[in-house]
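Within every chain, numbering begins at 1; the chains are lettered A, B, ... in the order of the sequence lines, protein sequences first and strands thereafter.
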There are 2 protein chains.
Amino acid sequence: MAGAGRDCSIANALGVIGERWSLLALREVLLGERRFDQIAHNTGASRDILAARLRTLVERGVLARVQYQERPPRYEYVPTEAGRALRPIMLGLMEWGDRYVTDGPGPTRWEHDCGAELHPEMVCGHCHAPVLPGTTSLVRLGQVR
Amino acid sequence: MAGAGRDCSIANALGVIGERWSLLALREVLLGERRFDQIAHNTGASRDILAARLRTLVERGVLARVQYQERPPRYEYVPTEAGRALRPIMLGLMEWGDRYVTDGPGPTRWEHDCGAELHPEMVCGHCHAPVLPGTTSLVRLGQVR
DNA sequence: GTGATAGGTTGGATTATTGGACCGACTCCT
DNA sequence: AGGAGTCGGTCCAATAATCCAACCTATCAC
């Protein structure tokens, strides 16, 4: 792991969800798949790596591991508040992938309650204007350690 | 690499920017650092890995490598349109990291033109209502291959 | 007893990453 | 002219992570 680099919440966030398969596992959980085998199948991750990733996501508070039956004990993974808070970011990543990576129409599509196909946009939480380059200024920058 | 898993633009996006150091390198470029040595220093990545990451980001159209002087030839990395389109996502990730990972106040802070400290929010591009769980419905889901 | 389901663990082979040294082609200082 | 510094990398051996298939435990259904 990196002991250096800029003090930055992006780096900290990537420390939690930045490893390979973590975000795809979370995608499945947010889509409603909560069982190990289903997550393994739908992501394509190998089972040992997936087990490790789910463990760290639980440790870091993004998912919770909930027993849904005794005898035999069986567990499912459910998103915590922190996990649900990643949903907009995943939708943003999906939008970016649709636009700049995936050929043809997006394989997964959402509709918003307003009736339109969902194309999420990032806005300022205060004035609700789009966050565009040039409309923001740096107040404080994390130092490089 | 994964040959299987769900057909999904999140997975496709991660194929481009999901490797370790890629997003941190992009963060530095978007912050205005364009030189190899500075990016290496500010991220903490080893130089050979950084060179490899920058190469794939250029290949995939997220960055461009531009010669800024001859004799000796020197290059800098600038964001393309696709790279700039990742800015809102990085800000969202920063917001998430500030809230759920980083202890204390966020090390990097932005102000929006409206005067408020920036706390970005994801909204529907059509009706501008926040994208909350329960306000969207799946129209089409990428199949697992 | 045979299969199926669920949630993993184990082992061995392959790949990726790390950190530091090194390099070529300059420029700047003295 | 000699020496140091800059820039954008590459090369190397040691270490760490990942992949895949096989295996395991417990239980239920037949």
| note | Of the listed D/dG9, C/dT18, D/dC20, the closest approach to the B/S46 side chain comes from C/dT18
| request: Give one of base, sugar-phosphate or nothing for B/Y75, where a contact means two heavy atoms less than 4.0 Å apart. | output: sugar-phosphate
| Which nucleotide in the set D/dG8, D/dC19, C/dG8 lies at the smallest distance from any side-chain heavy atom of B/R65? | D/dG8
| query | Phosphate oxygens OP1/OP2 of C/dT9: is one of them under 4.0 Å from a side-chain N or O of A/R55? | reply | yes
| So, is B/W21 close to the C/dT17 phosphate, meaning a side-chain N or O under 4.0 Å from OP1 or OP2? | no
| Relative to the 5' end of DNA chain D, which residue comes earlier, A/P72 or A/D48, by the nucleotide with the nearest heavy atom? | A/D48
| task | Give the rounded distance in Å between these two atoms: CG of A/L54 and P of D/dT18. | result | 14 Å
| message | Need one value for A/R71: base, sugar-phosphate or nothing, where a base atom within 4.0 Å counts as base even if backbone is also close, heavy atoms only. | response | sugar-phosphate
| query | Looking at CD1 of A/I10 and CZ of B/R27, how far apart are the two atoms once the value is rounded to the nearest 0.5 Å? | reply | 6.5 Å
| request: Go through the steps to decide whether B/M90 and B/M94 satisfy the test side chain to side chain contact (heavy atoms under 4.5 Å, CB included), and finish with yes or no. | output: CA-CA 6 Å; B/M90 314 243 337; B/M94 195 182 86; over 6 Å; no
| task | Please state how far atom OH in B/Y68 lies from atom C1' in D/dG9, giving the value in whole angstrom units. | result | 12 Å
| Between P of D/dG9 and NE2 of B/H41, the distance in whole Å | 18 Å
| So, is B/R20 near the phosphate of C/dT18, with a side-chain N or O under 4.0 Å from OP1 or OP2? | yes
| query | Side chains of A/D113 and B/T135: do they bring a donor and an acceptor to under 3.5 Å? | reply | no
| said: I need the CD1-P distance between A/I49 and D/dA17, as an integer number of Å. | reply: 10 Å
| message | C/dA6, OP1 or OP2 - any side-chain N/O from A/Y77 closer than 4.0 Å? | response | no
| query | Quick one: B/I39 CD1 to D/dC7 C1', roughly how many Å, whole number? | reply | 12 Å
| request: Salt-bridge test for A/R47 and A/D37: reply yes if a basic N is under 4.0 Å from a carboxylate O, no otherwise. | output: yes
| field | Short side-chain N/O contact to D/dA26 OP1/OP2 from A/R74, under 4.0 Å | value | no
| How long is the line joining CG of B/L50 and P of D/dT10, in whole Å? | 10 Å
| Presence of donor-acceptor pair under 3.5 Å, side chain of B/R47 and base of D/dG8 | yes
| Within-4.5 Å side-chain heavy-atom neighbours: B/I17 and A/L93 | yes
